[in-house]
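Below: the structure, in C-alpha cells.
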Amino acid sequence: MTTAAQRETNPPPTQHGVTAPELTSSPQHTTTALELTSPAASLRGTTTVSERAVRRIAERATAEALPGRTARATATVRGGRAEVSLGVTLPYPAPLAEGARDVQRHVVDRTRELTGLDVPTAHVDVTALAPPTCSRTPVSPAEDTNSPTTARRWWSGRRTPVTLLTLLATVACGALALDLIQVHTAHRPAAAWRMSAVHWLSGHGPGDPAVVVAGALTGLLGVWMVVLALTPGLRHRSTVRTADGRVDAAVDRSAVESLVRDAVGDVPGLASVRVRARRRRITVRTRLAFGDRTIAHAAATTAARAAVTSCRLRREPRLRVTVTPDPVWQPPAPPTTPRVAKEVDQ
C-alpha cells in the first residue's frame with residue numbers, strides 16, 4: 001500500500017511515463033511573484049473627479065438639452081458613483097413629463113460619458129415654465145410678403161415739451177387759484193403781481209408793440225405744439241422688418257451708417273468713406289486712391305446696397321455713391337499687347 005507521504009514524495013507518472021513537474025508553494029516563490037507584480041501596481045495612478053466638475057458637466061448637458069435656457073445643478077460624488085440634482089425651466093405649453101424625462105436621460109448619458117462615473121439617475125426639479133423661444137428662421141426681404149407696404153414710424157412721446165408745458169401751466173394756474181382762494185375765503189386783497197398785470201393790460205391796446213410781440217410769440221408757440229403733435233419725431237431711427245408682425249423694431253441710423261461705411265471701406269482702392277443716412281436717401285462719398293474708377297464705383301455701390309439690404313429696413317432708401325479720385329490718383333495704364341515678330345521670307 002502507498003501512504004500519503006509516499007504519494008507526496010513520488011509524484012504520479014503521466015500518461016506517457018514522464019513525471020509531472022513538482023509544484024511547491026515555498027516562501028521563496030511567493031516573494032518572487034510579489035516582486036514582479038508590485039511595480040505594475042505602483043505605476044497606476046488615481047483619478048478623482050470633483051463634485052464641481054460633475055456639476056458643471058451636468059449644467060452644460062442641461063443647456064444642450066434645453067437650448068437657450070440655464071439650469072442650476074448640484075452633485076455629490078461617493079467613490080465611483082455620482083448623484084446629480086437639477087433645477088430647470090421647461091418650455092410651456094409642452095408635455096412636462098416627456099420634457100423632464102428627455103432632460104434626465106440626456107444629462108445622465110452625457111455625465112456618465114464625460115466623467116466615467118456611475119450616474120444611476122438625475123433628479124429633475126422644474127422650477128419655472130416659460131414660453132418657448134421663437135424657432136422661426138429669419139426670412140429674406142424678398143420672401144417677407146406679410147410686411148406692410150408703408151413704413152410705420154415710431155412716434156415720440158415728446159416728454160420734454162410736455163413736461164415744460166405742464167410745469168408752466170401748473171405754476172400759472174396754481175398761483176392764480178391760490179390767490180383767488182385767499183381773496184374769497186380769507187378776505188385778503190389781491191396779489192400785487194395780479195393787480196400789476198391787470199393795470200398793464202388796461203393801459204396797452206391791441207396795437208401796442210409789446211402786445212403784438214407777445215401775441216406773435218404765443219402764436220409761434222401754438223404752431224410749434226401743433227407740429228409736435230402731428231409729426232412722429234425720432235428722426236434718427238428707422239423701422240425694420242421683423243418675422244412677427246406684432247413686434248416693432250427700429251435701428252439707429254448711425255448704426256446703418258457704420259455698417260455701410262465698413263462695407264464700402266473693404267473695397268480695394270478706396271481711401272476714405274463718408275456716409276450720411278436719412279429717411280429716404282443714403283449718401284456715400286469716398287475717395288479713390290488707386291485702381292479703375294468705374295470698377296471701384298460699381299464695387300462700392302454693390303457693397304453699400306448689400307449692407308443696406310441686410311438691415312431689413314421697412315422703407316429701403318435710395319442709394320447715392322460718389323467716388324472722387326485723390327489728387328495723387330493716376331488712371332491705370334491700358335494693357336499692352338505683345339508684339340509678334342514676323343519672319344519675312346527672302
Side-chain angles (χ1 to χ4, degrees), residues 37-147 239-252 255-256 258-259 262-263 266 306-307 309-314:
T37 58
S38 297
S42 62
L43 292 178
R44 296 195 300 266
T46 303
T47 303
T48 303
V49 183
S50 63
E51 295 181 353
R52 181 174 181 270
V54 176
R55 176 175 59 83
R56 296 292 297 274
I57 292 174
E59 291 177 352
R60 186 64 60 87
T62 306
E64 294 176 358
L66 299 173
R69 306 190 184 278
T70 58
R72 293 184 178 180
T74 57
T76 304
V77 179
R78 294 185 178 89
R81 180 173 180 150
E83 297 180 359
V84 179
S85 299
L86 304 171
V88 299
T89 301
L90 294 181
Y92 180 83
L96 299 182
E98 182 179 353
R101 189 163 46 250
D102 294 341
V103 173
Q104 184 183 36
R105 186 184 305 109
H106 184 77
V107 170
V108 169
D109 294 342
R110 290 290 288 170
T111 307
R112 183 183 299 149
E113 176 186 358
L114 297 178
T115 62
L117 300 175
D118 180 21
V119 184
T121 185
H123 303 281
V124 179
D125 182 15
V126 181
T127 58
L129 300 177
T133 57
C134 181
S135 59
R136 180 178 176 182
T137 57
V139 296
S140 61
E143 297 175 353
D144 191 4
T145 57
N146 297 328
S147 59
T239 54
V240 299
R241 287 189 294 267
T242 57
D244 192 350
R246 298 171 296 177
V247 177
D248 290 336
V251 61
D252 196 274
V256 179
S258 300
L259 291 176
D262 294 341
D266 293 337
T309 304
S310 65
C311 295
R312 296 176 54 82
L313 302 178
R314 289 186 181 270

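All heavy atoms count here, side chains included; hydrogens, waters and symmetry mates do not. Residue numbers count from 1 along this sequence.
- Separating the CG atom in D118 from the OG1 atom in T111 is a distance of 12.0 Å, to the nearest 0.5 Å.
- Taking E83 as the reference, nothing meets the side chain to side chain donor-acceptor pair (under 3.5 Å) condition, with sequence neighbours excluded.
- For S310, there are no side-chain contact (heavy atoms from CB on, under 4.5 Å) partners, not counting sequence neighbours.
- Closest approach of C311 and L259 over heavy atoms only: SG-CD1, 3.6 Å.
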Side-chain polar contacts of residues 53-68 - donor-acceptor pairs under 3.5 angstrom, sequence neighbours left out - could you list them?
unit_1: E59; atom_1: OE2; unit_2: A73; atom_2: N; d: 3.4
unit_1: T62; atom_1: OG1; unit_2: A58; atom_2: O; d: 2.8
unit_1: E64; atom_1: OE1; unit_2: H106; atom_2: NE2; d: 3.0
unit_1: E64; atom_1: OE1; unit_2: R110; atom_2: NE; d: 3.4

Sequence neighbours excluded and cut-off under 3.5 Å, please list the side-chain donor-acceptor pairs for residues 75-82, or say none.
none

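- Take R105 and apply the side chain to side chain donor-acceptor pair (under 3.5 Å) test, not counting sequence neighbours, and it matches D102.
- Contacts of D262 classified as side-chain contact (heavy atoms from CB on, under 4.5 Å), with partners at least two apart in sequence or in another chain: none.
- Annotation: R112, atom CZ; neighbour count of heavy atoms from other residues, nucleotides and ligands within 6.0 Å is above 12.
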